[in-house]
Participant: 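My questions all concern the structure below.
Convention: sequence-line order gives letters A, B, ...; per-chain numbering from 1.
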Amino acid sequence: MTMRTRFAPSPTGFLHIGGARTALFCYLHARHSGGVWALRIEDTDGERSNQAAVDAIFAGLDWLGLTPDEPPVWQSANVARHLAAAEQLLATGRAYRCYCSRERLDALREQQRQAQIKPRYDGHCLRLTASDTAALAADQPSVIRFKTPTTGEVMWQDWIQGPIRIQNEELDDLVLVRSDGTPTYNLAVVVDDHDMEINHIIRGEDHISNTPRQIHLFQALGWPVPEYAHMPLLHGPDGAKLSKRHGAVSVLQYRDDGFLPEAVNNYLVRLGWSHGDQEIFSLSEMVELFDVRQVGRSATIFNGSKLLWLNGHYLRQATPQRLVPEMLYQLQRAGIPEPQRDWLLAVIPSLQQRCKTVVEMVEVGRFYFVDSVQPYHEAAAAKHLTAAILPALTDLVEQLTQLPPSAWQAADLEQLVRQVVAAQALKGMGQLAQPLRVALTGRDTSPSIFEIMVLLGRERSLARMHSCLVWMTQIS
RNA sequence: GUCCUGUUCGUCUAGUGGCCUAGGACACUGGCCUUUCACGCCGGCAACACGGGUUCGAUUCCCGUACAGGACGCCA
C-alpha cells in the first residue's frame with residue numbers, strides 16, 4: 001500500500017513559518033518513503049476563510065518549492081459526504097440528536113469549570129426517550145452528537161510521541177453536525193482523510209487531543225485508522241506557541257526580507273530534527289535522510305540568527321544566475337531601475353560573498369546601479385574625505401588617469417595605489433583606499449575597490465573620482 | 001482546574017547505562033588574515049531543572065516535585 005499523507009491548512013491567513021515547517025515535514029516524509037503528498041484546504045469556516053488566504057498558502061508553498069503531488073482538495077466541496085457519514089452514524093446508533101440550547105451548554109461548562117473538573121457535555125439528550133424526542137423535534141433545532149464510549153481507552157503509537165493512551169471518560173460526545181446542518185471539523189477531517197486514502201497524518205501537537213475522537217470516528221464508520229505523527233510546536237521567543245496573532249509572520253515575508261527558500265527549509269528542518277552534527281542540508285539530502293521517527297518531542301523556539309547565517313551560506317554558494325531573479329525582485333522593491341542582465345550577472349559575485357540577505361546585496365551594491373553616488377554617506381565622507389588627504393587623492397587620480405586603459409586591471413590598479421601610498425608617505429593603505437572607496441561607492445564599506453574599478457570600467461571610475469575631488473574642493 | 005506532552009550551553013541540537021573532565025552549530029567574544037565590510041582560520045564563554053530510587057556505574061531507566069507548553073467550542 002502506498003503511503004499517503006497530507007498537509008491540511010485552513011485558509012484563515014497567510015502560511016506562517018510554523019505551518020511551513022509542518023508542510024516541509026509532511027513533504028519530506030512522503031518523499032522519503034516514496035509516498036504521495038496531498039494538500040487539502042480546510043475552508044469550511046465560511047466566516048474566516050477567504051480566497052486571498054488560499055492564494056497566500058499556495059504562493060508560500062510554491063516559494064519553498066514544496067509542490068503537492070495532487071491537485072488540492074477543497075473540504076467545502078465534500079459537505080454532502082460528511083453529512084452522509086453523520087447519517088450513517090445516526091443509523092447505526094453511534095450518534096444521536098441533541099436539543100440542548102447554547103444557554104444550557106454554557107451554564108453547564110461554567111458549572112464544571114467552577115467545580116474544577118474538565119468541561120464536557122453531560123449526555124443529557126442521550127437519555128431522552130422516544131416521546132421526548134418526538135416532542136422536541138417538532139420545533140427545536142438540533143445537532144448531531146457522536147456517542148463516545150464511556151469506558152475503556154483509546155491508544156495509538158504516535159511516530160513521534162510514542163504510545164499515547166487517553167481514557168474515554170476524558171472525552172465527551174462531540175458535535176458532528178451543527179444546528180445549521182453543517183459538519184464540524186472532526187467529522188470533516190475523518191471523512192476527507194478516509195476518502196483521500198490518507199494513511200499517515202503528520203500535524204502539530206495541538207491536534208493530539210483531537211486524535212482520540214477521530215480514531216473513534218474512524219472505527220465507528222468501519223474505516224481503517226491512519227498512523228499519526230504529532231510534531232512539537234514552534235514557539236516564539238517568549239516560549240508561547242507561535243501563531244498568526246502571536247509573532248509569526250508569513251513565509252513570504254522572508255522572501256521580501258531577502259531570504260532564499262533553501263535557507264528557510266534548511267533552518268526549519270533542523271528545528272526538531274537532526275542528523276548527527278550536520279547543519280547544511282539540500283532539499284534532496286533532507287528527503288534522503290529524514291525519518292519522522294527521529295523528530296524530537298520537545299517544543300522549539302524560533303530564533304532568526306541561525307537562519308541569517310544559513311542564508312549567508314546559501315547566498316555564497318549560489319551561482320550568480322540563481323541570484324538574478326532574486327536581485328531583480330529586490331531591486332524593484334528598492335525602487336532601483338532594472339539593470340541589464342549582463343551587468344547584474346557581472347556584479348553579483350562581488351556582493352553574494354559578503355552579504356547575508358538579498359536585501360543587503362541591494363543595499364551594499366546600490367552604487368552599481370545608480371549614476372551618481374552623491375550625496376555621500378555623511379559619516380563616511382566626514383571621516384575619509386578630509387582636506388588632509390586631498391593632495392594624495394588628487395595625485396592618485398592623476399596617475400590613474402594616465403594609466404593606459406590596457407592596465408586597468410585589479411593587480412595593476414592595486415600596485416599603483418600602493419605606490420602612491422608609499423610616495424605620499426601615508427600611514428597605510430587605508431589612508432588612501434578608504435577615501436577612494438567613498439568616491440566610488442559613497443560609503444566606507446563595500447566590495448574590493450579594485451574589483452569595483454574593474455567592473456565599473458575606466459571611464460565611470462574616473463568620473464566618480466573627479467566629481468569627488470570637485471566636491472572635496474568645494475567643501476574645504 | 002482536568003487531561004496530554006516536554007525539560008542538555010542564550011538558541012537549535014548530539015548523546016539510547018561506562019567512549020562525557022557532555023560533542024557540533026548559531027549567537028556572543030579574544031586573536032589572525034585584510035584597504036573597508038564580509039568570508040576563512042585559531043581560541044574562549046556557556047548546559048544534563050530539582051529530589052529520590054534502580055545499578056558496580058546514570059545525561060541516558062523508574063517515581064515524585066518544580067517549571068514550561070498544548071488541549072479542554074455548534075473554530076479549524
Participant: Are OP1 or OP2 of B/G73 and a side-chain N or O of A/Arg109 less than 4.0 angstrom apart?
Facilitator: yes
Participant: Taking the nucleotide of RNA chain B with the closest heavy atom to each, which residue, A/Leu233 or A/Arg316, is nearer the 5' end?
Facilitator: A/Arg316
Participant: Please tell me which of the listed nucleotides, B/G6, B/C26, B/U13, lies nearest to the side chain of A/Thr300?
Facilitator: B/U13
Participant: Going by an N to O cut-off under 4.0 Å, is there a salt bridge joining A/Glu360 and A/Arg354?
Facilitator: no
Participant: Nearest of B/C72, B/A76, B/U5 to any side-chain atom of A/Arg297?
Facilitator: B/U5
Participant: Side chains of A/Trp471 and A/Gln374: donor-acceptor distance under 3.5 Å anywhere?
Facilitator: no
Participant: Should the pair A/Arg145 and A/Tyr121 be classed as cation-pi, given the thresholds of under 6.0 Å to the six-membered ring centre and 45° from the axis?
Facilitator: yes
Participant: Quote, to the nearest angstrom, the C1' distance that separates B/G70 from B/A27.
Facilitator: 29 Å
Participant: Rounded to whole Å, please give me the gap between CD in A/Gln431 and C1' in B/U34.
Facilitator: 16 Å
Participant: Distance check needed: B/A27 C1' versus A/Glu279 CD, whole Å only.
Facilitator: 13 Å
Participant: Using heavy atoms and a sub-4.0 Å distance, could you list which residues of residues 263-275 of chain A are near RNA chain B? By number, please.
Facilitator: A/Arg270, A/Leu271, A/Gly272, A/Ser274
Participant: Is there a donor and acceptor pair, one atom on the side chain of A/Lys118 and one on the base of B/C72, closer than 3.5 Å?
Facilitator: no
Participant: Please enumerate all residues that pass side-chain contact (heavy atoms from CB on, under 4.5 Å) together with A/Glu414, with sequence neighbours excluded.
Facilitator: A/Arg418, A/Met429, A/Phe450
Participant: Given ring-ring contact (aromatic ring centres under 6.0 Å, His included), test A/Trp273 with A/Phe281 step by step and report yes or no.
Facilitator: CA-CA 12 Å; A/Trp273 177 82; A/Phe281 298 89; 5.1 Å; yes
Participant: Tell me which nucleotide among B/A76, B/U11, B/G6 gets nearest to the side chain of A/Thr44.
Facilitator: B/A76
Participant: Can you tell me how far C1' of B/G73 sits from CZ of A/Arg102, to the nearest Å?
Facilitator: 9 Å
Participant: Taking atom types as they are modelled, would you say the side chain of A/Ser209 forms a donor-acceptor pair with the base of B/C4 within the 3.5 Å cutoff?
Facilitator: no
Participant: Does any residue of residues 416-430 of chain A have a heavy atom under 4.0 Å from RNA chain B, and if so, which ones, in number order?
Facilitator: A/Arg418, A/Met429, A/Gly430
Participant: Rounding to an integer number of angstrom, what distance separates B/G43 and B/G18 when you compare their C1' atoms?
Facilitator: 31 Å
Participant: If you only use heavy atoms from C-beta on, which nucleotide in B/C4, B/G69, B/C74 is closest to the side chain of A/Ile164?
Facilitator: B/C4
Participant: Whole Å only: how far is the CG atom of A/Asp206 from the P atom of B/C4?
Facilitator: 18 Å
Participant: If you check the A/Val143 side chain, which of B/U5, B/U11, B/C74 turns out closest?
Facilitator: B/C74
Participant: Using the C1' atom as the reference point in each nucleotide, state the distance between B/C63 and B/G69 in Å, no decimals.
Facilitator: 22 Å
Participant: Base, sugar-phosphate, or nothing for A/Asp172, non-hydrogen atoms under 4.0 angstrom?
Facilitator: nothing
Participant: Looking at the side chain of A/Ile301, which of B/C12, B/A71, B/C72 is the nearest nucleotide?
Facilitator: B/C12
Participant: Is any side-chain N of the basic residue among A/Arg81 and A/Asp192 closer than 4.0 Å to the acidic one's carboxylate O?
Facilitator: no
Participant: Say whether A/Ser76 and A/Asp43, considering side chains only, have a donor N or O and an acceptor N or O under 3.5 Å apart.
Facilitator: yes
Participant: Check RNA chain B against residues 348-357 of chain A and give the residues with a non-hydrogen atom under 4.0 Å, in numerical order.
Facilitator: A/Gln353, A/Arg354, A/Lys356
Participant: So what does A/Ser305 hit on the nucleic acid, given a heavy-atom distance under 4.0 Å: a base, only sugar-phosphate, or nothing?
Facilitator: sugar-phosphate
Participant: Cation-pi check for A/Phe25 against A/Arg21: NZ or CZ below 6.0 Å from the six-membered ring centre and within 45 degrees of the axis, yes or no?
Facilitator: yes
Participant: Please list every donor-acceptor pair under 3.5 Å in which a side-chain atom of residues 181-190 of chain A meets a protein atom from a residue at least two apart or in another chain.
Facilitator:
{"residue": "A/Thr182", "atom": "OG1", "partner": "A/Arg178", "partner atom": "NH1", "Å": "2.8"}
{"residue": "A/Thr182", "atom": "OG1", "partner": "A/Asp180", "partner atom": "OD1", "Å": "2.7"}
{"residue": "A/Thr184", "atom": "OG1", "partner": "A/Val175", "partner atom": "O", "Å": "2.8"}
{"residue": "A/Thr184", "atom": "OG1", "partner": "A/Leu176", "partner atom": "O", "Å": "3.3"}
{"residue": "A/Tyr185", "atom": "OH", "partner": "A/His207", "partner atom": "ND1", "Å": "3.3"}
{"residue": "A/Asn186", "atom": "OD1", "partner": "A/Gln214", "partner atom": "NE2", "Å": "2.9"}

Participant: Using 4.0 Å as the upper bound for N to carboxylate O, is an ion pair formed by A/Asp195 and A/Arg40?
Facilitator: no
Participant: What's the OH-P distance between A/Tyr185 and B/A71, to the nearest Å?
Facilitator: 12 Å
Participant: Check whether any side-chain nitrogen or oxygen of A/Lys306 sits under 4.0 Å from OP1 or OP2 of B/U13, and answer yes or no.
Facilitator: no
Participant: With A/Arg6, which of A/Ile202, A/Val73, A/Ile198 fulfils side-chain contact (heavy atoms from CB on, under 4.5 Å)?
Facilitator: A/Ile198
Participant: Taking atom P of B/A25 as reference, at what distance in whole Å does atom CG of A/Leu308 sit?
Facilitator: 18 Å
Participant: Could you check how far NE2 of A/His207 sits from P of B/U5, rounded to whole Å?
Facilitator: 18 Å
Participant: Looking for any heavy atom pair under 4.0 Å, which part of the strands does A/His230 touch: base, sugar-phosphate only, or nothing?
Facilitator: nothing
Participant: Test for a donor-acceptor pair under 3.5 Å between the base of B/G1 and the side chain of A/Gln114, counting only N and O atoms.
Facilitator: no
Participant: Look at the side chain of A/Glu170 and decide which nucleotide, out of B/U5, B/U2, B/U11, has an atom nearest to it.
Facilitator: B/U2
Participant: Between A/Lys241 and A/Asp206, does any side-chain N to carboxylate O distance fall below 4.0 Å?
Facilitator: yes
Participant: When we call it a touch if two heavy atoms are under 4.0 Å apart, what does A/Asp277 touch: a base, just sugar-phosphate, or nothing?
Facilitator: base
Participant: Could you work out the separation of B/A38 and B/C26 based on their P atoms and round it to a whole Å?
Facilitator: 16 Å
Participant: At under 4.0 Å between heavy atoms, what does A/Phe450 touch on the DNA or RNA strands: base, sugar-phosphate, or nothing?
Facilitator: base
Participant: Can you tell me, in whole Å, how much space there is between the P of B/U21 and that of B/A66?
Facilitator: 32 Å
Participant: Quantified in whole Å, what is the C1' atom distance between nucleotide B/U59 and nucleotide B/U7?
Facilitator: 12 Å
Participant: Taking only the side-chain heavy atoms of A/Pro119 (C-beta and beyond), determine which of B/C37, B/G73, B/A25 contains the nearest atom.
Facilitator: B/G73
Participant: Rounding to the closest angstrom, what is the interatomic distance between B/C37 and B/U29 at atom P?
Facilitator: 14 Å
Participant: Can you measure A/Gln161 atom CD to B/G70 atom C1' for me and round it to whole angstrom units?
Facilitator: 10 Å
Participant: If the condition is side-chain contact (heavy atoms from CB on, under 4.5 Å), which residues does A/Asp257 pass it with, not counting sequence neighbours?
Facilitator: A/Gln253, A/Phe259
Participant: Under 4.0 Å between any heavy atoms, over every strand shown, what does A/Thr182 touch: base, sugar-phosphate, or nothing? Just pick one.
Facilitator: nothing
Participant: Taking atom P in both B/A22 and B/C28, what distance in whole Å separates the two?
Facilitator: 25 Å
